[in-house]
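These numbers come from the heavy atoms of this one structure, side chains and all, not from hydrogens, waters or symmetry mates. When a residue number appears, it is its place in the shown sequence, counting from 1.
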Amino acid sequence: MNKSTLPLPPPVFLLIGVVAVSFSSILIKWSQAPASILGMYRLLFTVLLFLPFLPWREMKILFKNSTLKEWLMLAVSGVFLGLHFLFWMESFSHTTVASAMILTALEPVFVVIGAYFLFKEKTSKVGIISILIAVSGSVTIASGDIGVSKTALYGDLLSVLGTVAVSVHMLAGQELCRKMPSIIYSFAVFLIGGLVLFVYNICTNVSLIQYDIKDWWIFLLLALIPNIFGHALFSWLLKYVDATTISMAILGEPIGAIILAYFLLGEMTTVSQLVGGMIVMISVMIFLKYKAAELEKVTALQEKSNIS
């Protein structure tokens, strides 16, 4: 960890990032535009904001030397990022901010399950128990939403599908992230995801331009606040803070979103959401901490082996 080049302590930047991503759900709720349009412009406007900062020469070399497998993984990562925004943003039209946001905390669970089937990465008993507890928390949230309406339960399902999609996006891109700067990877997958939603909107006859000035401001703010000051900031912080710390910080997004939804949208949180949310958040925190400890242990053994 290299803190010396940071103008402020890392927790300050982490807090800025958490607050920024927490505003995502609020901005979505404020807009009347379809989810596919919100997702498309969020991604494509972010691509435009990235343009002045791209290392073009390095990009040219990277893409020229990329293998067919790497191109396929980049495409899969971008496509599933677009699907994530389509499902997840649509969920807010059917369920509350609390349910939609808490269920996204299950992302590490789906990543671990996917890593097991795709890469044969095994998880310890503690990890499996944490996953099962997290799933029970999501079931608690869903069971409470059944009592609200079938629409709320449908929204929960969309949020889970969005979380599965972003997990596939993460799995497909994990090796690519090690081979290229984060800004190049983000630019590529944001562009692909935005184009996927563009094609979806064309095929479903969704208007691309007939929206109020308020919606256009929201499109821009979604790119600027949660994407640039949120996710891009977290990617930049990986140079100074370990990935587990970033993951733990991002778990603050549902909490921040629920607080903002209460003050800005007047949304109340139900007992099932509180109980289920606590179960999900605590179990995922335990899981992430245990995975971090496992990783440190493996790294230490590798270093010891190299020295000997």
[Y] and [X], any side-chain heavy atoms less than 4.5 Å apart:
X: W217; Y: L27; answer: no
X: I183; Y: P55; answer: yes
X: F187; Y: I184; answer: no
X: W30; Y: L265; answer: yes
X: D212; Y: Q32; answer: no
X: M101; Y: T104; answer: yes
X: F80; Y: V164; answer: no
X: E70; Y: K179; answer: yes

For residues [X] and [Y]: do they belong to one hydrophobic cluster (side chain heavy atoms under 4.5 Å, members Ile, Leu, Val, Met, Phe, Trp, Tyr)?
X: L54; Y: L224; value: yes
X: I258; Y: V280; value: yes
X: W216; Y: L48; value: yes
X: V76; Y: V166; value: no
X: L62; Y: L72; value: no

Grab the two heavy atoms, one from [X] and one from [Y], that are nearest each other, plus how far apart they are.
X: S25; Y: V97; answer: OG-CG1, 3.6 Å
X: P226; Y: L221; answer: CD-O, 3.3 Å
X: V18; Y: F234; answer: N-CZ, 3.6 Å
X: S91; Y: L158; answer: CB-CB, 3.7 Å
X: W88; Y: S24; answer: CH2-OG, 3.4 Å
X: D156; Y: S99; answer: OD1-CB, 3.3 Å

Could you label the plane-to-plane angle of the [X] and [Y] rings as parallel, tilted or perpendicular, counting under 30° as parallel and over 60° as perpendicular?
X: F219; Y: Y211; answer: perpendicular
X: Y41; Y: F45; answer: tilted
X: Y185; Y: H169; answer: parallel

V79 vs V189, side-chain contact (heavy atoms from CB on, under 4.5 Å): CA-CA, chis, key distance, verdict: CA-CA 8 Å; V79 167; V189 295; over 6 Å; no
Intermediate values then yes/no, side-chain contact (heavy atoms from CB on, under 4.5 Å), N227 and R42: CA-CA 8 Å; N227 275 15; R42 174 175 178 171; 2.8 Å; yes
Partner of F13 by ring-ring contact (aromatic ring centres under 6.0 Å, His included), out of W236, F229, Y240: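 With F13 as partner, W236, F229, Y240 yield a single ring-ring contact (aromatic ring centres under 6.0 Å, His included), made by W236.
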Does atom [atom1] of [X] have more than 12 heavy-atom neighbours from other groups under 6.0 Å away?
X: F198; atom1: CZ; answer: no
X: M180; atom1: CE; answer: yes
X: Y262; atom1: OH; answer: no
X: F92; atom1: CZ; answer: yes

Rounded distance [0.5 Å steps], [atom1] in [X] versus [atom2] in [Y]:
X: T46; Y: L220; atom1: OG1; atom2: CG; result: 9.0 Å
X: I225; Y: I26; atom1: CD1; atom2: CD1; result: 11.5 Å
X: L106; Y: S283; atom1: CG; atom2: OG; result: 7.5 Å
X: H231; Y: F190; atom1: NE2; atom2: CZ; result: 7.0 Å
X: T204; Y: L197; atom1: OG1; atom2: CG; result: 10.0 Å
X: L103; Y: T95; atom1: CG; atom2: OG1; result: 7.5 Å

Check against side-chain contact (heavy atoms from CB on, under 4.5 Å), L14 and L233: CA-CA 8 Å; L14 289 170; L233 178 63; over 6 Å; no
Candidate pair L195 and V199, rule side-chain contact (heavy atoms from CB on, under 4.5 Å), full reasoning: CA-CA 6 Å; L195 292 176; V199 172; 5.6 Å; no
Exam field: side chain S159 to backbone A100, donor-acceptor pair closer than 3.5 Å: yes
Co-members of the apolar cluster containing V271 [side chain, <4.5 Å]: I129, I133, V275, I279
The single option from L43, L38, L44 passing side chain to side chain contact (heavy atoms under 4.5 Å, CB included) against M40: L44
